[in-house]
Structure formats: structure tokens, C-alpha cells
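Beneath this line is the structure, given in C-alpha cells, with notes to follow.
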Amino acid sequence: MSDAPLPTAREVAADATPVGTPPGVEQAIALGLTADEYALVTEKLGREPVQVELAMFSLMWSEHCSYKHSKPLLRTLPTEGPALVLGPGENAGAVDVGDGWLITFKVESHNHPSAVEPFQGAATGVGGILRDIFALGARPIAVLDALRFGDVDDVDEDGEPTAGAIRSRFLLDGAVRGIGHYGNSIGVPNIGGDVYFEGPYETNCLVNAMALGLVERERLTLSAATGVGNVVVLFGASTGADGIGGASVLASAELVGGDDGAESMRPTVQVGDPFEESKLVECCLELLDKGLLVSLQDLGAAGLTSSASEMASKGEVGLDLDVSLVPRRQEGLEPFEVMVSESQERMLCVVTPDKVDEVVAITDKWDVHGTAIGVVTDSRRFRVFDGDELVGDMPVPALVDDCPVYAIHPERPAGGPAALYPAPPARLAPDTTPQETLLALLASPNVASRRPLFEQYDCVVQSRTVKRPGEADAAVLMVPGPAGPNGPLPADRRPALDAPVPGVGVSIDGSGRRVAADPYTGTAWNVLECAANLACVGAEPLGLTNNLNFGNPEKPHIAWQLTEAVRGLGDACRVTGAPVVGGNVSLYNEGTTGPIYPTPVVGMVGKVPDVRAAAPLGFQRDGDAVALVGW
Amino acid sequence: MVQFPGTCDEIDAVLAAERAVGVGNAELLWHRDRDLKGVDAVVVPGGFSYGDYLRAGSIAALSPAMGAVAEFARAGGPVLGICNGFQVLCEAGLLPGTMLMNLSRRFTFRDVTLRVEAADTAWTAATSAGQELVIPAKHQTGRWYAPDDLLDEVRGNDQVVFTYAADDRPNGSSANVAGVCNAQRNVVGLMPHPEHATDPLTGSVDGLLLFRSPAEAARV
Amino acid sequence: MPHARILIRPKAGILDPQGTAVEQALPQLGFQPAENVRIGRLVELDVADAGELDAICQKLLANPLIEDYEIQVDA
Amino acid sequence: MPHARILIRPKAGILDPQGTAVEQALPQLGFQPAENVRIGRLVELDVADAGELDAICQKLLANPLIEDYEIQVDA
Ligand SMILES: Nc1ncnc2c1ncn2[C@@H]1O[C@H](COP(=O)(O)OP(=O)(O)O)[C@@H](O)[C@H]1O
């Protein structure tokens, strides 16, 4: 523990301006802002932005952070329901599953990082979604993953795998190993997912990860920074140059194809460390259990910039933050680099000054050393200092709320959706026998068993898994099960075999091909399929999360797909009674061969009154009657 | 249950032990403490202690708590190492052999069938020799290896406690070994996870037999 | 066949959690503290054509996004 | 502080599935076949006392049952 005085609000003259020459509009454009946006930033600041400010605005005003092309659509989704406790807007959503227990959950994408470096991209995707869960004070209790790659069994005239197939296998292998590595190492079971292979994903794979958390209602923690004079403490990994520019370059621009693309993105690859994260989980849960935090937030895309400014925005406060106090793992980082670094496994919390010592001591116990780096102010400005030097000074609302929102211009493609996606060539001759056809189908990667994939994941750790992958149409967990977020529950709160054992069913789905054929109906189907999966284990939908993986929304036909898909999603939510608790939008998914299939991935959580009654998959006994139910 | 940073199956192990011997009878022991709190048996659970960096279990083996566990073991106290815990006990020299990466090079999860080869250890007293147990295995570095002379010695002393049943070789270990004991037969390590086979709601309950064994062994 | 040795290390600035773990463990074991501990991989092989080694590293052995490599060929 | 490099390799006779995988992958990628591919670890560090390195290897960095090591200290 250091004896350094706690950070306090700085005295800054009213007319003080940050040091440095403004990099100018061309730099802004290189960072992804438009000239108009740059002019707007200048207007909001009353002067041109200096380096730190420009870096921060370019991230906060990127599609990834601002949802500037999707916000109006997302507002149409139903976000209320009887079980809903926390809707969109926080790190994850939460539903009430009874007896004071909440399940928090969310799905997120890590598509572009995974296309560049599948192992680390997928691993850090899991790491990121887990942080969203424990930032709410919940113990992460499950991961699911939805994966889309190009054809893995494509062959050329000589029967040899094509370069695309080889690349797709490499991506599949790396992504699955990465997901397994992170989840297995940190001790969160992977209880399901889906995987699908088809041409449009070849140069732009999709890696979506969903996580669930368990928390008692009164422990639910929000991210708003409040209390002028309270101290901002950063803990977890030290800050390095990895992932600098990741959010703006990787998440918002079309992925540059080929080797050159990967080459130019070198410094943006983030490396995940599940060991660090497992210590962070335990540390955060201990801090919250002891009631030491005012609020908690994870550092995800856009690092300190987005986490700190969002905390300030939600709390309607200002922040003074000193980058010279941020622990580094390498020398020579510029203040703007510290502000935008996406080094993984870091958390930010707000603490009253009297608790700082105790908080730092607990972070030391877990080896995730906390450092006070800033203070909550009443200025409503985000001021960045490098030691005594003011290097950035921005109104918080300008950063977080004032990004322009763009109308998209949907246009149904001429000739209908079919014209966009020519049917793939037939693989079987017209005179193939039914027997051969069946065998060919069973051998197709899209139908074959997923066992080789999910065998790489630990699905039983934490002792809640009642239905594992491959055992039922949806995964089933006991909730709370024998242990709560902070360890074993007292004997009388553990499940007894002679009484109903409550739990949840979870399913994730998202056929892109169906959505490509008809975005409205296809998306509604994805929701209904999740609900049907839940029905098979006796679960009633409580809420859903979704990840909208689409192409470039500035193209009219993609705008149309997106609009129709969101309309289908909303209608299906209303029909199934499952509100949207949160989600993520991943746009600009375009490879060298064109956009991906529009792929809204839906993850649904339902309540199972008694997991003992959850039905397994498959015919159970000789002589049982077989009935067809529904449609 | 010894808890290192990065251990992740310790709560499961506590629950399993409590299912076998009653709630309130299991304690978590922190890796920096040498105090074993007077327990009757020690479990070194699975997970990724210290991130499994360098070699699985290598850094954990040198922790203060493991110093105390070694003393406890030398005094005849029952010690069980599960998966990463098995790796830790090997690295600490309390069990023979060491672990290499699975031949598949992958992390593999699945239920495996184990054959009890020795029912006279502190952790198999409640089983019988030749009995088959269904228990999940999940690891990437679980190929138990001993050079030929050590393997002969281990076999000669009947220190092979579990083998994988005939067609069920998840990792390619020497002589199909899934678990071994020390010469005194109080320290046992195995790669599969008996703590994940103790609740009928989540699968097999064969693992309970291991957690009941120390008490049974003490009675004889 | 020429014998070659390839040293692969994490790029500067890339997180090396293994190195950090070793750095922390050393003083705990009673050794003097060490600095800049970095853990990488060592690949040794006999190749027909040492001229291919650079391409082999790029394509297979190293991950150029996060690792640097050094090729040593025995005379 | 002296800079040291430690090369750790699997002992002869120990099956090295990673090395085998590389051997199999090379011809598939269009390279000439390689032989005796072995994958080990490379540890680089700055130490106060190079005399401790052997003990550090014995105790922590290498497992003598399965690995050999070679210490190189920069002049
Ligand atoms: N990417 C994945 N990660 C984890 N589990 C998966 C993944 N893909 C498929 N699974 C699991 O494999 C089983 C079969 O998957 P799938 O064929 O998609 O079944 P369904 O059509 O019933 O959803 C399910 O239990 C599913 O959760």
C-alpha cells in the first residue's frame, strides 16, 4: 500500500486549456470521425480537440460505443416484463428467478479480433463478457458461444480443401481453443452454443459469447459514479500498448482483407490472461460482499475512456483523472495511449475516501493491486491530467450523449432478398438415392455432431449443470444450486432431492440463412426457436439478449435487413413474453467477398420450476408413444 | 481444500466432501497460510493454480500451504490431489511421476470409466478392487508419465490406484494410469474429478466413494 | 540435414503472464529478484532446406501478431 | 544485471505431440519435410546473481524428470 495522498479535484483556471497542438481534422478522419463530426466536437469544446481529446472522442463516437446507426431501431424493442429487473443500458441485464436470486446475462461479439487472431480474439471475447457480468456484482456461472465460419469442407477440382476451407478450419480451431482456454481456466462452465458454416462468413467469421451471472437482488451493483470527492480506483492488469485503437479500427471499419489487413492491425491484438481475471472475479465479489464499493465498471472496448466517461455520465458528475498514476507494463506510453489502451482484465471502481485503504488491501490480497487514479467532481467535465499538466478537458455529456445519431435508409433489394444471396451450387447429383442423401446430410459439417467441439469445454464446474451440451434442447442449470456467489450455501438453502429444485434453461440460436431469406420472419423464427428449445426442458422465457451481426448499415439493403430483423425481433419478444434485457450490435461485418448473412444471435433464459423434470433429448424407452406437437 | 489463486474446483470439492461427510465439515485453506486448521484430511482441488504458467502445478507446489501439506502427508495424513491438485502433488514430490500434455494436444472433457486397481489406500477404502467408476475427466495436461524404472517401481509397489477402462484413454498416459498413490498409501492423486460425480442431479455419484474413504480407512 | 533452433518470444509490450508469474515466484522461493522475465518457446528441428525456415516461422511456428522469432542454424 | 537465456527441451524419448503435429503440418503446407521436431520453452531474464540460475532451473523452471535445460549467460 502506498502512502501517496489520495487524488483530489484539481484547481484549474476557468480559461485553462489543455497543452498540445490539435492534431487536426485529417487525423480525426483517420481515426474514423467524419469532417462534420469533427466540426461538432470543435463546437462542443469551443476549440479544436487536442490529442487525448481526439482519441477519446473518436472512440466514444464510434459505432461500437455510440450505436449511432442503430439506436433508433433498438428503442423499438420491448424492454419490460414481469421478471425484468435491469434492462438495457447497464453492463448486462438481469431477471428475477425467485427467492431473491437474479440471473444477469448478456451476449457480445468479438468478430473482428477473432478474424485477425482467432485464439486471442475469442478468448478475450469471453473475458470481456465475463467482466460485464461480475461488474454487476454477480458470480459468472455459465458461458455459451455462437460461432459462424466459412465452409470447412469446400474442395477444389482435385478434391483438395480450398484455401478458404483451410482458413476456416484454422479460425474454428483457434476460436474454440480460445473460448475453452478462457472459460476452462477461470472455472465458468460452457453450457452450450451453436456453430454454423457457410460461404458468406469465410472472410468475416462471427464469434459471439454469452455469459450468465448469479447475484442476490440486494448485491446488484451499478456503474454510476456518484459522490463528489469519492475516489476512482483502477485494479487488475497493468496497462500496455495492446489493443490501442482497437475499438475504432477493429469494430467500426470494414475489415481489410488479406495479409495486409492483418499486418496493419498488429498492435491491436489483445492478449487475454484468464488467471488475472479469475483473481479479479474473486476480488470484486469480496469487495462487494464487504460493502466497500460505491460503483463498479469493467474496462472493455475503448478502455479507460469509455468506462470512466460512462460512469461519469450515469452519475451525472465530472471526473479528474491522472494518467501518470496508471500502472504501466511498458515505458513510453503517451497519455492518449493510456486512455485508449484495451489491455484486458482491468476494473474501475468508485470508493469513498475512508474505504480506499481497505479496498487497496483486498486488491493486494488477490494480487490485482488497486491504484487511486482519480476523483469524482461536480464539474460535469472529464479532465485528464498527466501529473500536473492538463492534457484533456471535455464536457461529459458531449463525449457520451452528444454523438450524432444517423438515420439509416432502408431499401428492399430489387428482386427480393434472394437476389443478394445466390443459392450455393448443389453438391449432390439429382439422382442421388435417399440413403446416400441421408448419409451426405449427416456428414455435412452443419449437421454433424458438435461433440468434438463442446468436448473442449468444461461444462460441469460450479456444480449446477443438470443438462449438459448434447443432453437436451437447452442447457439446464440449478439456480442458485448448492453454492451462491460467495461459496457454499447453508445446508437448508441447498437443493434437496425430495423437493422441487428450481433452475433456468438457456438457449442460443441465430440462423443467418433464414434471416437472409426473410429478415423479419427469420429473426422472429430465431426467437421462437429459442423459446421452443426452452419449452423442451420445461422452461418459461424470462428475457432475452441479442447480438445483431450485420454488414455495413450505410448500404440501403443492409439497412433494410437490420430494420426488418429488429421488427421481427420485437414482435417475437412480445409474443413470447420475453423482453430484451440487453445486447450488442456488431455492424460492418463485411469480408472480401461481400457482407455476411444478416445474423441476429438470440440468447434466451427461462425459468425451470423443477430441474428434476427437465426432459432429455432422444427417445427414452422401448414402447413409448411418439407424438408430434405444435404447428 | 487448499485454495490457490486460479484454483476453480474448490467449491465443488467442498460440496462433494460435505455430501460425503456432512455439511460444515469442510474448510478452505488459503495458499499463503501454513495453518491446516487441524483438519483430518486434505484435498488439493483442480483448476489452474497460478494460471498453470510454466508447468501445470509447478508454482503452486512451492507455496507455503503445500509445505504444510507435505508435513501432514509425511505424518500419514490422507491427502487427495485432483487433476491440477494431482499435478501439484507430483511437482511437490509427494507422488511419483509427472504430467505431460495430452496426446490430442487439446483440453478434453468427458465422463470416463475408471477401474479401481488398489482399494487399500486412504482414498479408495470405500471401493473394491476391480470396481468401475464413472467420473468426468477434464484436462489438457493429464498424460501421467514415469520413466521405465520409475514405472516398474510404481507397479511393483502396487501404487497404481486407478486406470482408465479399456477403450477410454483420454490422454495417452503411461500404462493407462489415471491415478497413483505414494508408498505409504495415504497420498493419492488422480486426473478425473470425483467431486463432479457426487450429485445425482448433475450426473454420476460414483465419486462419493472417494470422499467417504478416509473415514472408512480410519475405522479399519 | 541442417539442425536449426528457433527462439520465439512475446513481442515487447505484449502481456506475458507466465513471465510475471515466474518473476513473482522467485523471491518467494528465496532467490534474488529477477527482472524482465519473458517466457517463450523453443523449437528445434532438422530441416532439408534452411531457406524455408523464415516462411515456416511466419506461417506455422510463430504468431507474428504477438511474437518475435529468431532463427539459428547450426553450421 | 546479467541477462540470461534458458533453453528447456523435452528429454529424448519423451513423446512430444506438439513436435509431431508440426512435423505433420509442414508437408501439408507445402514445405519440405522436417525431422526431430521438438518443442520446448525459452526463458529469458535479468538476474542479480547468475550463480543461482542452476538452482532456479532445478527448483522451478524445468522438471528434471522430463526436461533438460541449458543456461546461457550474456557476457
Ligand atoms: N459453439 C458451441 N459451444 C458449445 N456448445 C455447442 C456449440 N455448438 C453446439 N453446441 C452444443 O451442441 C449440442 C448440439 O448443437 P446443435 O446441433 O446446434 O443443436 P440444436 O439444434 O438442438 O441447438 C447442443 O447442446 C449445443 O448447445
Side-chain angles (χ1 to χ4, degrees), chain B residues 2-8 10 29-36 44-71 83-85 87-94 98-107 139-143, chain C residues 1 3-50 52-72:
Chain B
V2 186
Q3 185 185 21
F4 306 100
T7 302
C8 64
E10 75 276 24
L29 306 168
W30 185 234
H31 68 122
R32 283 191 195 136
D33 292 342
R34 294 189 57 92
D35 177 11
L36 298 187
V44 188
F48 293 76
S49 56
Y50 299 92
D52 263 3
Y53 293 132
L54 206 57
R55 283 181 316 281
S58 58
I59 300 181
L62 301 164
S63 66
M66 282 310 297
V69 170
E71 271 165 39
C83 192
N84 190 237
Q87 295 159 342
V88 172
L89 294 178
C90 287
E91 285 278 343
L94 293 173
T98 189
M99 238 59 74
L100 296 165
M101 184 184 279
N102 297 354
L103 286 185
S104 69
R105 291 176 290 128
R106 291 181 186 279
F107 180 97
H139 54 255
Q140 182 166 18
T141 305
R143 176 166 49 117
Chain C
M1 280 203 203
H3 179 72
R5 167 186 300 166
I6 294 153
L7 310 183
I8 303 172
R9 14 177 116 75
K11 268 195 200 306
I14 288 275
L15 182 69
D16 176 18
Q18 301 209 66
T20 315
V22 169
E23 210 163 297
Q24 286 167 356
L26 288 176
Q28 287 170 18
L29 295 175
F31 294 109
Q32 311 235 14
E35 279 174 20
N36 303 320
V37 183
R38 306 286 282 174
I39 304 205
R41 278 171 302 134
L42 166 71
V43 182
E44 297 190 305
L45 72 180
D46 299 333
V47 276
D49 174 6
E52 286 187 342
L53 280 169
D54 194 63
I56 291 177
C57 287
Q58 289 276 352
K59 255 196 138 141
L60 182 66
L61 298 181
N63 181 343
L65 291 172
I66 49 180
E67 294 170 329
D68 289 324
Y69 57 87
E70 179 184 335
I71 299 172
Q72 303 176 344

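Proteins get letters first, then strands, A, B, ... in listed order; numbering begins at 1 in each. Everything quoted here is computed from the prediction, not taken from an experiment.
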Original post:
Checking heavy atoms, do the side chain of B:Ile59, its backbone, both or neither come under 4.5 Å from chain C?
Top reply: side chain

**OP:** Flag the pair C:Asp68 and C:Arg9 as a salt bridge only when some basic side-chain nitrogen lies within less than 4.0 angstrom of an acidic carboxylate oxygen.
**Re:** no

Original post:
For B:Arg106, does its backbone N or O pair with a side-chain atom of B:Asn102 as donor and acceptor, under 3.5 Å?
Top reply: yes

Original post:
In terms of heavy-atom pairs under 4.5 Å with chain B, which of C:Pro17, C:Ala21, C:Ala25, C:Gly19 leads?
Top reply: C:Pro17

**OP:** Would you mind telling me which of C:Leu29, C:Ile39, C:Val22, C:Thr20 has the largest number of heavy-atom pairs within less than 4.5 Å of chain B?
**Re:** C:Leu29

Original post:
Is there a donor-acceptor pair closer than 3.5 Å between any side-chain N or O of C:Glu67 and the backbone N or O of C:Ala62?
Top reply: no

Subject >> Intermediate values then yes/no, side chain to side chain contact (heavy atoms under 4.5 Å, CB included), B:Leu89 and B:Met66 >> reply: CA-CA 9 Å; B:Leu89 294 178; B:Met66 282 310 297; 3.7 Å; yes

